[in-house]
Amino acid sequence: MNTTLHPLADQYLHQLERAAQRMPRADRNELLAEIRSHLDAGLPPGSTEGDVRNLLAELGPPEDIVAAAVPDRGPRRRGAREIFALLLLLTGLPPVIGWLAGVGLLLWSPLWTARQKVLGILVWPGGYVVAAGALPLLAIRRSCSVTPAGASDAAAACTTAGASAWSVVAIVLILVAPLLVAVYLYRAAGRQSDVT
C-alpha cells in the first residue's frame, strides 16, 4: 500500500471526505478506506498525472460515490420538526423547557449542518423569554455620585436615565439577531430539502 498518494488523488480523497459528511462516521471511514485502497492498488509508484486522472475519471465524482453508498431513504423535507424547533428556540416558551425542546428538535433534524445547529443554539440561549428579562436591565442606566456634604459624612446622589447608545445597539441585537437566524435556518432547511 502506498504511504503517499499523488496530489490529485489526495485532493480527490479530501473532496470525497467533504461530500461524505452526511454519512455516519463508521460508514464514512469505511468508504474512505475502500477508495484509498483502490487508489493505492491502481496507482503504482511512478504513476503519471495522466494515469491518476484516468483512474479518478473511472471512479467518478465524489458526490456520485457518496450518493451510491447512502441508502435511498426518500426525500427529506422541511416539516413540522424544523418549524417547531425554530419557534421554540425563538420564543423559549414555555420558559426553559420550550427552549430545551427546541434545541432537541434542532439537533435531531437532518436538514441542518453542524455549524447551523451551533448557530441556532448560541444566537440567543433561552429565546425571547430570557431576552424579555434582560431588556429592562439594558434599557435603564443608573449613575450615582458621591458628594462630600461635610468633613465627616458623604451623601450619594443617584439618577436614573434612559438607555445609552450601546444599550440600544444591544437591545436591537437581542431582538433582531434571533429572528434573522431563524429566517436563515428556515431557508437553509428548505434548500437542503430541495437537494435531497
Side-chain angles (χ1 to χ4, degrees), residues 1-45 47-91 97-125 127 177-196:
M1 187 182 268
N2 292 336
T3 56
T4 60
L5 285 174
H6 189 277
L8 287 175
D10 197 38
Q11 180 184 9
Y12 183 87
L13 285 173
H14 288 299
Q15 291 172 351
L16 180 64
E17 186 174 8
R18 277 197 305 273
Q21 285 301 313
R22 62 186 172 125
M23 295 176 68
R25 184 182 305 242
D27 295 343
R28 180 174 64 234
N29 290 341
E30 183 181 336
L31 177 66
L32 288 168
E34 182 179 321
I35 297 299
R36 183 174 184 79
S37 174
H38 182 76
L39 290 172
D40 284 337
L43 297 172
S47 296
T48 66
E49 187 172 324
D51 296 334
V52 176
R53 289 188 186 278
N54 288 337
L55 183 60
L56 295 179
E58 288 175 18
L59 285 172
E63 295 79 15
D64 292 351
I65 292 174
V66 171
V70 174
D72 186 20
R73 296 184 186 129
R76 290 178 277 174
R77 300 196 181 277
R78 175 178 54 205
R81 172 180 35 201
E82 288 75 26
I83 292 170
F84 280 124
L86 294 175
L87 286 174
L88 292 170
L89 285 170
L90 193 60
T91 64
I97 295 169
W99 185 79
L100 290 174
V103 168
L105 291 172
L106 177 79
L107 295 175
W108 183 31
S109 174
L111 296 182
W112 288 305
T113 65
R115 284 184 184 163
Q116 291 168 338
K117 290 175 182 181
V118 169
L119 178 66
I121 292 169
L122 296 181
V123 69
W124 185 251
L179 189 59
L180 291 176
V181 169
V183 169
Y184 165 73
L185 290 176
Y186 182 80
R187 294 184 74 197
R191 283 191 302 270
Q192 183 64 25
S193 64
D194 291 340
V195 170
T196 56

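The CG atom of L16 sits 11.0 Å away from atom CG of L56, with the distance rounded to the nearest 0.5 Å. Distance check, rounded to the nearest 0.5 Å: CD of E82 to CG of L87 gives 12.0 Å. How far CG of L13 is from CZ of R36: 6.0 Å, rounded to the nearest 0.5 Å. The distance from atom CG of L105 to atom CG of L86, rounded to the nearest 0.5 Å, is 9.5 Å. Taken to the nearest 0.5 Å, the CG atom of L122 stands 14.0 Å off from the NZ atom of K117. Considering CD1 of I65 and CG of L59, their distance stands at 5.0 Å, rounded to 0.5 Å.
Formation of a donor-acceptor pair under 3.5 Å by the W112 side chain with backbone atoms of L185 is found in this model. A distance-only check finds no donor-acceptor pair linking the side chain of S109 to the backbone of L106 [under 3.5 Å].
Listed by chain and number, the residues in a side chain to side chain donor-acceptor pair (under 3.5 Å) with Y184 are Q116 (sequence neighbours excluded).
At least one side-chain heavy atom of W99 sits less than 4.5 Å from a side-chain heavy atom of L89. In this structure the side chain of L5 never reaches within 4.5 angstrom of the side chain of V52, judged on heavy atoms.
What you find for L88 and A101 is that their closest heavy atoms are CD1-CB, 3.9 Å.
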TODO: Evaluate the criterion side-chain contact (heavy atoms from CB on, under 4.5 Å) for residue pair R81 and L111; output intermediate values, then yes/no.
DONE: CA-CA 10 Å; R81 172 180 35 201; L111 296 182; over 6 Å; no

- [ ] Could you go through the side-chain contact (heavy atoms from CB on, under 4.5 Å) check for I83 and Y186 one step at a time?
- [x] CA-CA 7 Å; I83 292 170; Y186 182 80; 4.0 Å; yes

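Side-chain atoms of T48 and D51 include a donor-acceptor pair closer than 3.5 Å.
In the displayed structure, I97 atom CD1 is contacted under 6.0 Å by at most 12 heavy atoms of other residues, nucleotides or ligands.
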Just distance, no hydrogens or angles: give the donor-acceptor pairs under 3.5 Å from side chains in residues 24-34, sequence neighbours left out.
| from | atom 1 | to | atom 2 | distance (Å) |
| --- | --- | --- | --- | --- |
| R28 | NH1 | Q21 | O | 3.4 |
| R28 | NH1 | M23 | O | 3.3 |
| N29 | ND2 | R25 | O | 3.4 |

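The side-chain hydrogen bond (donor to acceptor under 3.5 Å, both in side chains) contacts involving residues 6-15 comprise nothing, where partners must be two or more places apart or lie in separate chains.
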